[in-house]
Amino acid sequence: MVALAQKSRLITTADIYNSLFSGQTFRWRIIDKKKPIYLGVIGNTITGLRRDNKRSLTIFSSSDTILEKSPVDFFTDYFTLDIDADTCLPEFLKTENSDIWPLLQRYKNIKVLRQHPFETLITFMCAQGIGMKIIRSQVENLCRHFGSRIETSIDNDTVLVYSFPEPETLASLKPHELLSCTNNNHIRASNIISAAAAVADGSLDLDSLRSPALALDEARNALMAQRGIGLKIADCILLFGLQRFDAFPIDTHVHQYLAAWFGIEEAAKSLTQKRYLSLQQKAITLLGPDLAGYAGHILFHCWRKEVKRLDTAL
DNA sequence: GTCCAGGCCTACG
DNA sequence: CGTAGGCATGGA
């Protein structure tokens with residue numbers, strides 16, 4: 001058993017906590033709601049975050065390093081503290097849309113995370129046409145069945161976590177072995193296995209898709225070559241797992257707020273593939289070419305919480 | 001019971 | 001082109 005030792009302290013705003021449960025990651029969880037400790041597994045390193053006060057955060061870690069970086073360096077990158085919240089959202093939201101701006105106050109500092117590419121690929125393949133609770137439950141099953149078991153202790157309580165499965169592990173499965181992780185959907189199980197196989201054998205090179213030198217369209221096409229990955233899932237993988245903050249995924253909620261908040265008439269119609277691309281261009285024009293997806297995620301979370309009253313955390 | 005959840009793919013006009 | 005239906009289940 002690995003005792004989770006306090007390793008370092010990171011000074012930041014409390015808004016990074018919302019980042020963990022804004023729907024971009026399905027892996028982090030709350031251990032103690034009264035004295036919030038958030039637990040995650042990065043590679044094979046167990047990491048815990050505890051809020052000390054509004055601007056101070058303690059990092060716990062089962063190792064001195066997280067993916068070969070110090071915990072502080074790792075989380076500075078992971079939580080994109082290099083992205084300035086003030087420049088992320090465009091001015092027109094503050095001036096022209098006075099009805100939206102008050103709603104955004106609790107969400108405007110949410111950070112989009114730089115997550116692990118393969119984990120992001122698979123978890124978003126699990127997220128089609130089902131609710132957030134089932135998605136989280138599927139991902140939990142995925143790790144429990146096919147990841148590595150890791151035990152730790154926090155304040156003398158034993159906590160059991162699992163790493164995310166390796167591509168080779170998932171690639172070796174048969175669809176029926178994966179059904180508990182795909183809501184019993186056989187097609188999705190088989191799609192996930194073949195995508196994992198593509199990563200394992202190198203025909204899908206996720207790291208190469210991170211390069212800004214590669215056009216966003218080409219990166220998306222490489223992902224969409226996999227069965228079960230369409231425009232929306234591909235854009236999510238680019239945004240959350242490949243650090244392409246210009247990628248702008250449009251799901252049912254984004255579709256809704258583009259109509260309700262931005263008055264885009266096209267968004268009132270059903271979301272066909274052609275309309276997806278057209279709406280995406282309009283959104284990028286409004287939100288800016290560099291951080292459209294980053295800004296879009298903040299709007300997405302605000303819409304879910306403030307308008308739809310949906311919760312994302314368990 | 002009905003409807004909708006962070007969709008994708010195929011078949012059919 | 002577009003739309004409808006299938007995939008599957010749980011919670012509101």
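The analysis underlying the following values was restricted to heavy atoms, covering all of them including side chains, and did not include hydrogens, waters or symmetry mates. Numbered from 1 within each chain, the chains take letters A, B, ... in sequence-line order.
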Check ring pair (Phe, Tyr, Trp, His ring centres under 6.0 Å) between [X] and all other residues, then give those that pass, not counting sequence neighbours.
X	value
A/Y78	A/F74, A/F75
A/F146	none
A/F245	A/Y294

Write down the protein N/O and nucleotide N/O pairs, taken from nucleotides 1-4 of chain B, whose separation is under 3.5 Å; answer none if there are no such pairs.
none

Donor-acceptor pairs under 3.5 Å, side chain of residues 220-228 of chain A to any protein atom, not counting sequence neighbours: which ones?
{"unit_1": "A/R220", "atom_1": "NH1", "unit_2": "A/D235", "atom_2": "OD1", "d": "3.3"}
{"unit_1": "A/R220", "atom_1": "NH1", "unit_2": "A/D235", "atom_2": "OD2", "d": "3.1"}
{"unit_1": "A/R220", "atom_1": "NH1", "unit_2": "A/Q280", "atom_2": "OE1", "d": "3.0"}
{"unit_1": "A/N221", "atom_1": "ND2", "unit_2": "A/D217", "atom_2": "O", "d": "3.3"}

ask   = With rounding to whole Å, what would you report as the distance between B/dC8 and C/dG10 at their P atoms?
value =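 It works out to 23 Å between them.
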
message = Would you measure the distance from the C1' atom in C/dG2 across to the matching atom in B/dA5 and give it in whole Å?
response =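 Straight-line distance between the two C1' atoms is 24 Å.
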
key: A/I134 vs A/R136, side chain to side chain contact (heavy atoms under 4.5 Å, CB included): CA-CA, chis, key distance, verdict   = CA-CA 5 Å; A/I134 298 182; A/R136 281 184 166 272; over 6 Å; no

request  = Remember a base hit wins even if backbone is also touched, and classify A/L310 as base, sugar-phosphate or nothing at under 4.0 Å, heavy atoms.
outcome  =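 Sugar-phosphate, no base atom in range.
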
ask   = When we call it a touch if two heavy atoms are under 4.0 Å apart, what does A/T123 touch: a base, just sugar-phosphate, or nothing?
value =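 A/T123: no heavy atom of the nucleic acid under 4.0 Å.
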
request  = May I ask you to decide if the ring planes of A/H301 and A/Y107 are parallel, tilted or perpendicular, using 30° and 60° as cut-offs?
outcome  = perpendicular

Can you tell me the distance, in whole Å, between the [atom1] atom of [X] and the [atom2] atom of [N]?
X	N	atom1	atom2	value
A/Q138	B/dA5	CD	C1'	12 Å
A/L271	C/dA4	CG	P	14 Å
A/I192	B/dC8	CD1	P	13 Å

task = Would you please name every residue forming a side-chain hydrogen bond (donor to acceptor under 3.5 Å, both in side chains) with A/E140, sequence neighbours left out?
result = none

key: For A/N183, side-chain hydrogen bond (donor to acceptor under 3.5 Å, both in side chains) partners two or more places apart   =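 Checked A/N183 against side-chain hydrogen bond (donor to acceptor under 3.5 Å, both in side chains); zero matches.
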
inquiry  = Expected output is a numbered-order residue list: members of residues 272-304 of chain A with a heavy atom under 4.0 Å from any atom of DNA chain B. What is it?
reply    = A/F300, A/R304

key: Sorted by number, the residues of residues 217-239 of chain A with heavy-atom contact under 4.0 Å to DNA chain B   = A/R227, A/G228, A/I229, A/G230, A/L231, A/K232, A/I233, A/C236

query = More than 12 foreign heavy atoms under 6.0 Å from CD of A/Q105: is that the case here?
reply =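 Yes, enclosed.
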
request  = With sequence neighbours excluded, give me every ring pair (Phe, Tyr, Trp, His ring centres under 6.0 Å) pair touching residues 198-240 of chain A.
outcome  = A/F124-A/F240, A/F240-A/H297

Please produce a list of atom pairs where a protein N or O lies less than 3.5 Å from an N or O of nucleotides 8-10 of chain C.
{"unit_1": "C/dA8", "atom_1": "OP1", "unit_2": "A/N185", "atom_2": "OD1", "d": "3.1"}
{"unit_1": "C/dA8", "atom_1": "OP1", "unit_2": "A/H186", "atom_2": "N", "d": "2.4"}
{"unit_1": "C/dA8", "atom_1": "O5'", "unit_2": "A/N184", "atom_2": "O", "d": "3.2"}
{"unit_1": "C/dA8", "atom_1": "N1", "unit_2": "A/G129", "atom_2": "O", "d": "3.4"}
{"unit_1": "C/dA8", "atom_1": "N3", "unit_2": "A/N183", "atom_2": "ND2", "d": "3.4"}
{"unit_1": "C/dT9", "atom_1": "OP1", "unit_2": "A/N184", "atom_2": "ND2", "d": "2.7"}
{"unit_1": "C/dT9", "atom_1": "O4'", "unit_2": "A/N183", "atom_2": "OD1", "d": "3.2"}
{"unit_1": "C/dT9", "atom_1": "O4'", "unit_2": "A/N183", "atom_2": "ND2", "d": "3.2"}

request  = Under 4.5 Å between side-chain heavy atoms, chaining through other members, with only Ile, Leu, Val, Met, Phe, Trp and Tyr counted: pull out the rest of the cluster around A/L160, sorted by chain and number.
outcome  = A/Y162

ask   = Just checking, is any N or O donor in the side chain of A/T25 or A/Q115 under 3.5 Å from an acceptor N or O on the other one?
value =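 Present: a donor and an acceptor within the cut-off.
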
ask   = Ignoring hydrogens and geometry, is there a side-chain-to-backbone donor-acceptor pair from A/N141 to A/S180 under 3.5 Å?
value = yes

